[in-house]
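The structure appears below as structure tokens.
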Amino acid sequence: MSVIPRSFYKHTKTLYYLRKFYSQNDFAKFKNVLNTAKQVVVLTGAGISAESGVPTFREPEGLWRKLEASILYNPVTFREDPGLVWEYYHYIRELVLKAQPNAGHIAVAQYERRHAAKKLVTVLTQNVDGLHARAGTRNFIELHGNMFKTRCTKCNEVLVNTDSPICPALAGTGSPTSDKLVSDIKEKDLPHCQKPDCGGLLRPHIIWFGEVLETSVVEKADIVMSECNVCLVVGTSSIVYPAAAFPTVMAAGGSIIAEFNIEPSPASPKFDFYFQGPSATTLPQALSD
Ligand code: APR
């Protein structure tokens, strides 16, 4: 996860350091800016799904069996104990299947639809829960993949899979409160590729720590970032790269950046607008006409 988009180098001006205003919770001022934008990017992280009941990663309730994100979302952990990682994904897939998009996801989707004739709205999401699509967003880029897609570790085939449970051996497993840190599920009982000539172990189609984003995804993100006028940064701790660098990239290109979060991040003072509060409350306010 280290690719710096080309657009970063295209913009050498120091607009980013010359910001003239920093507004907190000024919806009217933000709407004036948004009204003039032709291309809008909504960069989202786990916080936008918090009010749908999906745990974030770096808050205490985000820990699954006390495992930190860097351990859980890690190809080495999967190699050593694929059963443990699949137990986690079984737990989170079942939770998300029952969850609903919240008012924040819906506000973004409705904004895109209402302005489809005049504005290009693109959601760049680090989330793998698919809730933007379920809310009705059409133009989205899933930077880190999707938990309802599998990838074969042998033939690399990617398939959509919403089975519940994804395989019989995982039924009833994955409790987040268990203290088991080693799985007793045998690898042969985990999901496998159905192609007769393959049969490889399947993994979630997700970018884990130490893995690089797909080139096609980075290229698409690069284009929308270089053309964006206004960017909403929603519910992300802005510490995982490359997405953490995206607002800086866009600001360097002259975009106005507005952050929506329940608490300020280290990057907040560098942005133009800051809206404090749950995004299911602030986004509908910011994106209504
Ligand atoms: N509304 C808005 N923001 C919220 C809300 C809410 N209701 N609840 C929490 N937040 C904010 C938190 O303050 C925090 O800044 O959401 C952010 C969640 O941060 P993380 O848990 O670090 O999630 P994220 O930034 O999406 O993580 C990035 O890290 O583990 C990897 O690949 C994984 O995509 C993930 C990436």
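Only this structure's heavy atoms are used, side chains among them; waters, hydrogens and symmetry mates stay out.
With sequence neighbours left out, the side-chain hydrogen bond (donor to acceptor under 3.5 Å, both in side chains) criterion links Y111 to no other residue. Evaluation of the salt bridge (charged side-chain N to carboxylate O under 4.0 Å, His left out) rule for R151 yields no partner, not counting sequence neighbours. For S175, the side-chain hydrogen bond (donor to acceptor under 3.5 Å, both in side chains) test picks out T177, with sequence neighbours left out. In this view, C155 and C152, E157, C193, K195, C198 satisfy the side-chain contact (heavy atoms from CB on, under 4.5 Å) rule, not counting sequence neighbours. In this structure H132 satisfies the ring-ring contact (aromatic ring centres under 6.0 Å, His included) test together with H105, sequence neighbours excluded.
Here the side chains of R138 and R113 are in contact, with some heavy-atom distance below 4.5 Å. Between L67 and L84, the closest side-chain pair of non-hydrogen atoms falls below 4.5 Å. Contact of the S216 side chain with the V218 side chain is not registered, since no non-hydrogen atoms from C-beta on lie closer than 4.5 Å.
When all heavy atoms of P264 and Y274 are compared, the pair lying nearest together is N-OH, 3.1 Å. The heavy-atom pair separating I92 from P55 by the smallest distance is CD1-CD, 3.9 Å. In terms of heavy-atom proximity, S265 sits nearest to P269 at O-CD, 3.9 Å. Shortest non-hydrogen contact noted between I141 and A221 is CD1-N, 4.0 Å. Scanning both residues, S23 and D26, for their nearest heavy atoms gives CB-CB, 3.9 Å. Residues N74 and I71 share a closest heavy-atom pair of CB-O, 3.1 Å.
Using modelled atom types, one side-chain atom of D272 and one backbone atom of I257 make a donor-acceptor pair closer than 3.5 Å. Side-chain N or O atoms of S255 include one that pairs as donor or acceptor with a backbone N or O of C228 at under 3.5 Å. Judged by distance alone, the side chain of N139 and the main-chain N or O of V121 form a donor-acceptor pair under 3.5 Å. Within the 3.5 Å criterion, the main-chain N or O of A99 finds a donor-acceptor partner in the side chain of R134. A donor-acceptor pair under 3.5 Å is absent between the side-chain atoms of D163 and the main chain of P165, judged by distance alone. Formation of a donor-acceptor pair under 3.5 Å by the H192 side chain with backbone atoms of L190 is found in this model. Within the 3.5 Å criterion, the main-chain N or O of L202 finds no donor-acceptor partner in the side chain of T153.
Placement of V54 and W64 within a single hydrophobic cluster is found when ILVMFWY residues are connected by side-chain heavy-atom separations under 4.5 Å, directly or transitively. V212 and V76 fall into different hydrophobic clusters, defined by Ile, Leu, Val, Met, Phe, Trp and Tyr side-chain heavy atoms under 4.5 Å apart, directly or through other members. L97 is connected to I206 through a chain of hydrophobic side-chain contacts under 4.5 Å among Ile, Leu, Val, Met, Phe, Trp and Tyr, so both are in one cluster. Hydrophobic clustering keeps M250 apart from L120 (ILVMFWY residues linked when any side-chain heavy atoms are closer than 4.5 Å, directly or through intermediates). Under the 4.5 Å side-chain heavy-atom criterion for Ile, Leu, Val, Met, Phe, Trp and Tyr, L181 and L170 are members of the same hydrophobic cluster.
Taking the ring axis of W86 as reference, the NZ or CZ atom of R203 does not stay both within 45° of it and closer than 6.0 Å to the ring centre.
Salt bridge R65/E87: present, at least one basic N to carboxylate O contact under 4.0 Å.
Donor-acceptor pairing under 3.5 Å is recorded for the side chains of T236 and Q126. Looking at E259 and S268, their side chains do bring a donor and an acceptor atom within 3.5 Å of each other. Using modelled atom types and a 3.5 Å distance limit, the side chains of S52 and N102 yield a donor-acceptor pair. A donor atom on one side chain and an acceptor atom on the other are not found under 3.5 Å apart for T150 and N161.
Between F57 and Y73, the ring center distance clears the sub-6.0 Å criterion. Aromatic ring centres of F27 and F275: separated by under 6.0 Å.
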Exercise for the section: Start with the C-alpha gap between V128 and I207, add the side-chain angles, then the distance that decides, and say whether side chain to side chain contact (heavy atoms under 4.5 Å, CB included) holds. Expected result: CA-CA 9 Å; V128 296; I207 307 291; over 6 Å; no
Exercise for the section: Step by step, work out the side chain to side chain contact (heavy atoms under 4.5 Å, CB included) result for H205 and E214. Expected result: CA-CA 11 Å; H205 183 50; E214 287 177 46; 3.2 Å; yes
Practice task
Quick one: do D81 and S183 satisfy side chain to side chain donor-acceptor pair (under 3.5 Å)? Show the steps, please.
Solution key: CA-CA 7 Å; D81 192 349; S183 176; 4.6 Å; no
Problem - Worked check of side chain to side chain contact (heavy atoms under 4.5 Å, CB included) between V224 and L124 - result: CA-CA 9 Å; V224 297; L124 283 183; 4.2 Å; yes
Practice task
Decide side chain to side chain donor-acceptor pair (under 3.5 Å) for S49 and D129; before the verdict, give the C-alpha distance in whole Å, the side-chain angles of both, and the deciding distance to 0.1 Å.
Solution key: CA-CA 8 Å; S49 296; D129 56 27; 2.6 Å; yes
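One distance of note links CD1 of I262 with CD of Q276; it measures 8.5 Å at 0.5 Å rounding. Rounding to the nearest 0.5 Å gives a distance of 5.0 Å between CZ of F78 and CH2 of W208.
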Let me check something: any side-chain donor-acceptor pairs from residues 34-42 under 3.5 Å, sequence neighbours excluded? List them with distances.
| residue | atom | partner | partner atom | Å |
| --- | --- | --- | --- | --- |
| N35 | ND2 | K31 | O | 3.3 |
| T36 | OG1 | V33 | O | 2.7 |

